[in-house]
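Heads up, the thing below is written out as structure tokens.
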Amino acid sequence: MAEPTSRSSATASPPAGQALLACRAVSAAGERAAHFRIRHQVFVVEQGLFGGTSRAGAGRDTDTHDDDPATIHVVGLADGVICGTVRLYPLPGVAGRWKGDRLAVLAGHRHQGLGAPLVRFAVAAAALHGGQEMEAYIQPANVTFFEWLGWRRAGGLVGYAGIPHQLMLIGLGTSPWDGRPPGT
């Protein structure tokens, strides 16, 4: 599996009372398993997506991108605990375009601010791998958050994974990051 040259986004201690946040590309079997467990919990069990119509979470959010060696699986940590994920990969047939998806943070950790570092890490990693633009399908409740991070809307709402989503884009050459994972 491909991964950024620099693996971690955390370099400084957080202010008192805040969690130390870090993001890194999955490099071990345990991290990969945690990545998939978090995705399943958030998308299948909590949100009922990907065939997860019951609280038992019988559906699966995995697909062929998960087995592609070009896909980068990322974990986000708060105080050393893996509690968030994002996945990114180059889009076949669209030179320079990457896709970010499966951004998830466990419910008990959503107050810690891990979403922004995960998105920034994905953007920086795609740029580091030669990407020129990145796309993501965002649930409407999260569009403003992505705009705050520098993303822009592309068209109107569309169906994605069975619910409305907004296609959003960010230029990787003009992002507020210099092509390195944040904090490096």
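Reckoned from all heavy atoms, side chains included, excluding hydrogens, waters and symmetry mates.
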For the side chain of Thr85 and the backbone of Leu103, is there at least one donor-acceptor N/O pair under 3.5 Å apart? no
Looking only at heavy atoms, which two atoms of Leu118 and Ala104 are closest? And how far apart? CD1-O, 4.2 Å
Separation between OH (Tyr89) and CD1 (Ile72), nearest 0.5 Å, reads 12.5 Å
Closer than 3.5 angstrom, by distance alone: can the side chain of Gln41 be matched with the main-chain N or O of Arg37 as a donor-acceptor pair? no
Would you call Arg39-Asp66 a salt bridge at under 4.0 Å N-O? yes
Met168 side, atom CE; Phe145 side, atom CZ - distance, nearest 0.5 Å: 10.5 Å
Answer whether the closest heavy-atom distance between the side chains of Glu31 and Ile82 falls below 4.5 Å. yes
For the student: nearest non-hydrogen atoms of Leu88 and Ala126, plus distance: CD1-N, 3.8 Å
So, the side chain of Gln166 versus the backbone of Gly155: is there a donor-acceptor pair under 3.5 Å, distance only? yes
Any donor-acceptor N/O pair, His35 side chain to Val74 backbone, under 3.5 Å: yes
Given the rule in the side-chain contact (heavy atoms from CB on, under 4.5 Å) test, do Leu91 and Lys99 qualify, once you have shown the distances and angles that lead to the verdict? CA-CA 6 Å; Leu91 285 174; Lys99 183 172 185 177; 3.9 Å; yes
Are the side chain of His129 and the backbone N or O of Ala125 linked by a donor-acceptor pair below 3.5 Å? yes
Tightest non-hydrogen contact, residues Ala116 and Leu149, listed as CB-CD2, 4.0 Å
For Arg60 and Val44, run side-chain contact (heavy atoms from CB on, under 4.5 Å): C-alpha distance rounded to whole Å, both residues' side-chain angles, the deciding distance at 0.1 Å, then the answer. CA-CA 7 Å; Arg60 293 179 52 105; Val44 179; 5.8 Å; no
Output, in order, the C-alpha distance, side-chain angles, deciding distance and verdict of side-chain contact (heavy atoms from CB on, under 4.5 Å) for Val123 and Leu172. CA-CA 7 Å; Val123 167; Leu172 301 180; 3.7 Å; yes
Nearest heavy-atom pair of Leu157 and Pro140: which atoms, and what distance? CD2-CG, 3.9 Å
Just by modelled atom types, is the Ala107 backbone N or O under 3.5 Å from a matching donor or acceptor in the His109 side chain? no
Taking only Lys NZ, Arg NE, NH1 and NH2, and the carboxylate oxygens of Asp or Glu, determine whether Asp63 and Arg87 approach each other closer than 4.0 Å. yes
Quick test of your reading of the model: are Glu46 and Arg110 salt-bridged, counting only N-O distances below 4.0 Å? yes
Can you check whether Leu20's main-chain N or O pairs, donor with acceptor, with Asp79's side chain at less than 3.5 Å? yes
To the nearest 0.5 Å, atom CD1 of Ile38 lies from atom CG of Asp61 at 11.5 Å
Check: Arg102 and Thr62 side chains under 4.5 Å, non-hydrogen atoms: no
Check the pair Trp98, Gln132 against side-chain contact (heavy atoms from CB on, under 4.5 Å), reporting the backbone distance first and the verdict last. CA-CA 8 Å; Trp98 279 67; Gln132 298 169 0; over 6 Å; no
If only side-chain N and O atoms count, and only distance matters, is there a donor-acceptor pair under 3.5 Å linking Gln18 with Gln112? no
Spatial distance of atom CD1 (Ile170) from atom CE (Met134) [nearest 0.5 Å]: 9.0 Å
Nearest atoms (heavy-atom pairs only) where Leu114 meets Cys23: CD1-SG, 4.3 Å
Look up atom CG in Asp101 and atom CZ in Phe43, then write down how far apart they are to the nearest 0.5 Å. 8.0 Å
For the atom pair CD1 (Ile138) and CG (Leu167), what is the distance rounded to the nearest 0.5 Å? 8.5 Å
Going by the angle between their ring planes, with limits at 30° and 60°, are Tyr137 and Tyr160 parallel, tilted or perpendicular? parallel
Between Ala122 and Val86, which heavy-atom pair has the shortest distance, and what is it? CB-CG1, 4.1 Å
Cationic N near anionic O, under 4.0 Å, Glu135 to Arg153: no
